[in-house]
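Keep in mind that this is a model prediction, so the values were computed, not measured. The figures here come from the full heavy-atom set of this structure, side chains too, leaving out hydrogens, waters and symmetry mates.
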Amino acid sequence: MKQQPRSEMADGPRYQRIADLLREEIRAGKWEPGDRLPSHNELADQMQVSITTARNAIQLLVAENLVYTATSRGTIVRSQEVLESVVTNHIRPDRPKAAHDIFSEIARAAGREPSKQFSARMEPASPEVAHWLGVARDEWVVSRTIMQYLDNEPWSWEVSFYPRDLAEATGIDAPHDIPEGTTRRLAERGHGETAHRDTVVARPATAEEAALLGIGPGTILLDHLRIGANHERITRVTRHRSTAARNRLAYELGDDKGTDIIRKTLGAPYPPGNSHSFGNSLLPGAP
């Protein structure tokens, strides 16, 4: 990046002027999604300012969610693409078996490369988790956490909780990722989910969420909570958090013929499999 003459910069603090220049270059396409911006040292040298001033300029762009910082790669330009997730797809009764989970399916359908960081642990149920699962407070539950990335960009943070006995009976307590996804694993082990309750809230990100997702504090998130059950019990609760401006959640409810008309009208792709019947649990007014 060439140093900009002072006369071409707008009035204001130096870090603001540098951020304005970088923002204009990003929007003009000089820096594309996935590109690394100059380091703090490089930027300070090019702009003839202090490292602190350069760092403040970058932090302003981080707060605007134009870039994110990666420990080993520096400051990376964010994708501005909006990813649509049909959140009823992976609970379809006819969903075919596969060696990858729904996040990977959605990402690859959008031409993006998915990756994940996984962790699992046994922990006492908080009052909130106990209420969702219908277990006693402080009863042991299995927590599975996945940080999800698209083209190495932090995209979403998902935490799922399972009753301990169910997790142990189905192998969901394993200390590693389950490539096909836990929804398929539950079904394969005789505990398929037959009903779901979703709650979606748009709210500002906490400091912890902002740090994990590489976004500015206060950025509006989609906080999507799904509770799954079969005819006997609550099977799991999953909390999925992602940036609202970059994600769109879609629900497909109803019979095959009506869904066909909607998909053909919108030009939406069909989910994998020969049909897309969603079962009575997703029909409006179903018991």
Side-chain angles (χ1 to χ4, degrees), residues 1-85 103-104 106-117 147-157 202-222 241-249:
M1 185 181 68
K2 295 182 179 179
Q3 182 178 339
Q4 298 292 332
R6 178 69 61 85
S7 61
E8 293 183 18
M9 291 185 176
D11 294 334
R14 285 187 175 184
Y15 76 88
Q16 177 71 64
R17 288 181 278 162
I18 294 170
D20 290 344
L21 286 172
L22 291 173
R23 187 187 304 106
E24 290 174 7
E25 290 179 344
I26 291 171
R27 289 175 175 169
K30 177 177 180 178
W31 305 102
E32 297 183 347
D35 284 350
R36 184 183 74 86
L37 292 185
S39 68
H40 295 157
N41 287 338
E42 292 169 339
L43 194 59
D45 181 61
Q46 292 167 1
M47 295 297 184
Q48 298 182 350
V49 296
S50 69
I51 292 177
T52 298
T53 297
R55 182 181 298 111
N56 289 341
I58 293 298
Q59 284 304 115
L60 193 57
L61 299 182
V62 170
E64 296 173 5
N65 297 318
L66 289 176
V67 302
Y68 67 96
T69 57
T71 303
S72 61
R73 295 190 299 138
T75 302
I76 310 299
V77 177
R78 276 192 180 277
S79 170
Q80 300 302 305
E81 178 185 7
V82 177
L83 185 71
E84 177 172 296
S85 303
F103 174 71
S104 297
I106 292 171
R108 292 192 171 110
R112 308 290 296 274
E113 183 59 34
S115 57
K116 297 181 286 185
Q117 287 183 340
M147 277 298 304
Q148 298 169 323
Y149 301 82
L150 291 180
D151 300 327
N152 296 316
E153 177 183 334
W155 198 263
S156 56
W157 179 27
R203 59 166 180 79
T206 65
E208 179 189 20
E209 291 165 339
L212 284 169
L213 293 171
I215 57 178
T219 298
I220 300 301
L221 297 183
L222 292 179
R241 282 160 278 191
S242 59
T243 307
R246 302 289 178 267
N247 290 272
R248 180 169 57 242
L249 305 185

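- Of all the heavy atoms in Leu60 and Ala19, the pair that sits closest is CD2-CB, 3.6 Å.
- At a threshold of 4.5 Å between non-hydrogen side-chain atoms, the residues Gln80 and Leu66 count as touching.
- With a 4.5 Å cut-off on side-chain heavy atoms, Leu61 and Thr75 do not count as touching.
- Taking OG from Ser156 and CG from Leu212, the interatomic distance works out to 11.5 Å, rounded to the nearest 0.5 Å.
- For Arg203, the side-chain contact (heavy atoms from CB on, under 4.5 Å) partners at least two apart in sequence or on another chain are Val201, Thr206, Glu209, Leu221, Asp223, Arg239, Arg241.
- Side-chain atoms of Glu25 and Trp31 form a donor-acceptor pair, as typed in the model, at a separation below 3.5 Å.
- The closest side-chain heavy-atom distance from Leu22 to Ile58 is below 4.5 Å.
- Looking at every heavy atom in both residues, Ser242 comes nearest to Asn247 through CB-ND2, 3.4 Å.
- Under a 4.0 Å N-O distance rule, the pair Asp20/Arg23 qualifies as a salt bridge.
- Between Gln148 and Gln117 the shortest side-chain heavy-atom distance does not fall below 4.5 Å.
- Between Tyr15 and Gln59, every side-chain heavy-atom pair lies at or beyond the 4.5 Å cut-off.
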side-chain hydrogen bond (donor to acceptor under 3.5 Å, both in side chains) between Asn65 and Thr243, intermediate numbers included: CA-CA 10 Å; Asn65 297 318; Thr243 307; 5.9 Å; no
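- Between the CD atom of Glu42 and the CG atom of Leu37 there is a distance of 10.0 Å, given to the nearest 0.5 Å.
- Here the closest heavy-atom approach between residue Val62 and residue Gly214 is recorded as CG1-O, 4.4 Å.
- At least one side-chain heavy atom of Arg78 sits under 4.5 Å from a side-chain heavy atom of Ile215.
- Using a 4.5 Å cut-off on side-chain heavy atoms (C-beta onward), Arg73 and Tyr68 make contact.
- Here the closest heavy-atom approach between residue Pro33 and residue Ser79 is recorded as CB-CA, 3.8 Å.
- Shown here for Pro154 and Leu213, the closest heavy-atom pair between the two residues is CB-O, 3.4 Å.
- Considering all non-hydrogen atoms of both residues, Ile51 and His40 come closest at CG2-CB, 4.1 Å.
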Evaluate Ile106 against Leu83 for side chain to side chain contact (heavy atoms under 4.5 Å, CB included), listing each step before the verdict. CA-CA 8 Å; Ile106 292 171; Leu83 185 71; 4.0 Å; yes
Enumerate, atom names and distances included, each donor-acceptor pair closer than 3.5 Å involving a side-chain atom of residues 107-115, sequence neighbours excluded.
unit_1, atom_1, unit_2, atom_2, d
Arg112, NE, Asp151, OD2, 2.6
Arg112, NH1, Glu81, OE1, 2.9

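- Side-chain contact between Ile76 and Arg36 is present, with at least one heavy-atom pair separated by less than 4.5 Å.
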Under the side chain to side chain contact (heavy atoms under 4.5 Å, CB included) rule, what do Met47 and Leu21 come out as? Steps first, then yes or no, please. CA-CA 11 Å; Met47 295 297 184; Leu21 286 172; 4.0 Å; yes
